[in-house]
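This report concerns only the one structure given below.
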2 protein chains.
Amino acid sequence: MQRYFINKTQINNNIVTINESDTHHIKNVMRMSIGDNVYVCDNINAYLCEIVSINEITTLRIVKQLENNPELSVNITIAQGKLQREKEEMVIKALTQLGCYQYIGVQMSKSIVKTKKITDNKIDRIQKIIKEASEQSQRNRLMKYVSNITFKELISNFVNYDLVIFCDIAESKNVTLKELLSEHKYKNILAIIGPESGFSKLEKDAIKNANALTISLGKRILRTEIAPLFLLSAISYEEEL
Amino acid sequence: MQRYFINKTQINNNIVTINESDTHHIKNVMRMSIGDNVYVCDNINAYLCEIVSINEITTLRIVKQLENNPELSVNITIAQGKLQREKEEMVIKALTQLGCYQYIGVQMSKSIVKTKKITDNKIDRIQKIIKEASEQSQRNRLMKYVSNITFKELISNFVNYDLVIFCDIAESKNVTLKELLSEHKYKNILAIIGPESGFSKLEKDAIKNANALTISLGKRILRTEIAPLFLLSAISYEEEL
């Protein structure tokens with residue numbers, strides 16, 4: 001069934017007000033009528049709703065809150081050296097489906113992408129990709145997206161997480177991912193992945209000095225766009241299957 | 001270091017003969033000289049070699065066999081409803097990096113791709129993608145690729161595997177992937193995944209009647225091009241980390 005993402009403020013006394021853009025989708029794409037059912041998500045919960053009226057905006061009545069929670073029990077943030085647009089879009093679409101909590105593009109010295117070229121249009125396009133992938137994969141919340149931060153900001157953000165893992169094939173490993181995950185005690189994990197050409201020596205040293213734990217992602221060398229998908233799949237396998 | 005895939009027949013008395021196409025790469029792309037080192041893989045083992053001569057063909061002397069085996073300890077074959085070319089190429093590139101043993105395209109009733117349009121050129125292009133991804137991810141063997149078989153052939157192939165798993169979100173589950181993998185007794189696994197629009201009712205019934213075990217790939221609905229990546233990542237996590 002079709003799923004729409006709304007703000008909590010759009011719900012009042014069990015009635016949901018749907019904006020013009022989603023109303024267009026309900027009316028002209030889905031061709032739905034009064035009495036039809038849709039799901040809405042307020043970024044925490046999902047609700048089964050019935051359409052009450054369709055005009056320029058649509059109103060829905062909440063029938064019931066859905067009990068099934070499709071979100072990962074661990075909040076995973078991927079911080080990755082800024083990728084070329086096409087690759088970043090592919091990664092974001094996949095990570096949204098895989099239950100990622102947040103994606104942060106980081107200015108790293110070997111990134112090919114120049115951050116001054118990141119326009120609002122590009123950010124809007126990514127937000128649209130996240131919304132569509134969230135609806136299709138039936139998530140309750142939208143993955144957060146931060147277009148770009150500096151490497152210094154990344155390091156100073158470490159304090160916001162209860163575990164920071166560093167994925168680099170060439171570094172010696174501190175611990176296995178399985179050892180970390182099997183404890184089930186980390187709820188807010190930051191994973192750092194390089195851009196296409198990897199990390200600089202300075203970046204590696206800074207990450208290790210800030211006490212990130214270096215882990216392996218299997219026996220083969222993964223391209224940067226596959227590494228975060230591996231990580232999210234492994235975490236979902238450990239936590240959900 | 002650069003890695004080249006050869007046939008076992010190219011090795012005689014510790015000397016490896018490299019063909020014209022790879023010689024072109026050694027000479028004109030890598031600009032290597034006599035005395036330089038390369039890796040060669042005969043699809044089972046990998047060897048450190050030294051260049052002895054470079055002419056129209058190149059000869060190498062084997063210095064030593066590498067002990068590190070980067071292959072998954074379980075042979076995973078993905079049989080997937082035939083995908084559109086661009087998606088199939090993306091999936092194959094990723095699965096090669098993730099250690100997949102074999103990929104088979106299957107004619108399914110909801111596949112958009114018409115198999116009569118699969119030319120030798122397209123198959124050559126896929127083989128090239130596999131070779132490059134195998135070199136980059138430093139595998140010892142090339143993933144096998146079967147461009148397309150009928151659905152009937154798929155079912156009759158079940159006898160060649162010691163476990164067949166069926167990945168379909170809508171079907172009730174027989175067992176969890178973790179239960180299956182934690183036994184570490186299956187060495188030759190076939191996993192069946194649908195095309196973009198999923199399986200037909202007839203196909204689902206045929207797969208279940210042939211005793212495939214239905215499993216879940218996490219709590220969210222994955223697009224068909226992400227499902228096999230999830231599976232290989234989960235298996236690598238279970239077996240290698």
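Below, read A as the first sequence line, B as the second, and so on, with proteins coming before strands; counting in each chain starts at 1.
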Is the shortest heavy-atom distance from the side chain of [X] to the side chain of [Y] under 4.5 Å?
{"X": "B:K219", "Y": "A:Q138", "answer": "no"}
{"X": "A:L241", "Y": "B:E179", "answer": "no"}
{"X": "B:I221", "Y": "A:Q97", "answer": "no"}

Exercise for the section: For each of A:T176, A:L177, A:I215, A:L229, tally heavy-atom pairs with chain B at distances under 4.5 Å, and name the one with the top tally. Expected result: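 Looking at each option in turn, the highest pair count goes to A:L177.
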
Check this for me: [X], atom [atom1], are more than 12 non-hydrogen atoms of other residues, nucleotides or ligands nearer than 6.0 Å?
{"X": "A:E183", "atom1": "CD", "result": "yes"}
{"X": "B:E67", "atom1": "CD", "result": "no"}
{"X": "B:E86", "atom1": "CD", "result": "no"}
{"X": "B:K144", "atom1": "NZ", "result": "no"}

Report which part of [X] has an atom under 4.5 Å of a heavy atom belonging to chain B: side chain, backbone, both, or neither.
{"X": "A:I235", "value": "neither"}
{"X": "A:K173", "value": "neither"}
{"X": "A:N68", "value": "neither"}
{"X": "A:I169", "value": "neither"}

Exercise for the section: Run the salt-bridge test on B:E240 and A:R220 with the 4.0 Å N-O cut-off and return the result as yes or no. Expected result: yes

Practice task
To the nearest 0.5 Å, tell me how far B:E238 CD sits from A:Y237 OH.
Solution key: 3.5 Å

Completion exercise
When rounded to the nearest 0.5 Å, the distance separating CE of A:M90 from CE of B:M90 is 4.0 Å

Handout entry: Residue part contacting chain A, namely of B:L72, when any heavy atom lies under 4.5 Å
Key =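 Backbone plus side chain of B:L72, per the 4.5 Å heavy-atom cut-off to chain A.
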
Handout entry: Residue pair B:S233 / A:F230: nearest heavy atoms and the distance that separates them
Key =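 In this case the closest contact between B:S233 and A:F230 is OG-CA, 3.5 Å.
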
Handout entry: Between B:E225, B:R139, B:R223, B:E71, the one whose heavy-atom pairs under 4.5 Å with chain A are most numerous
Key = B:R223

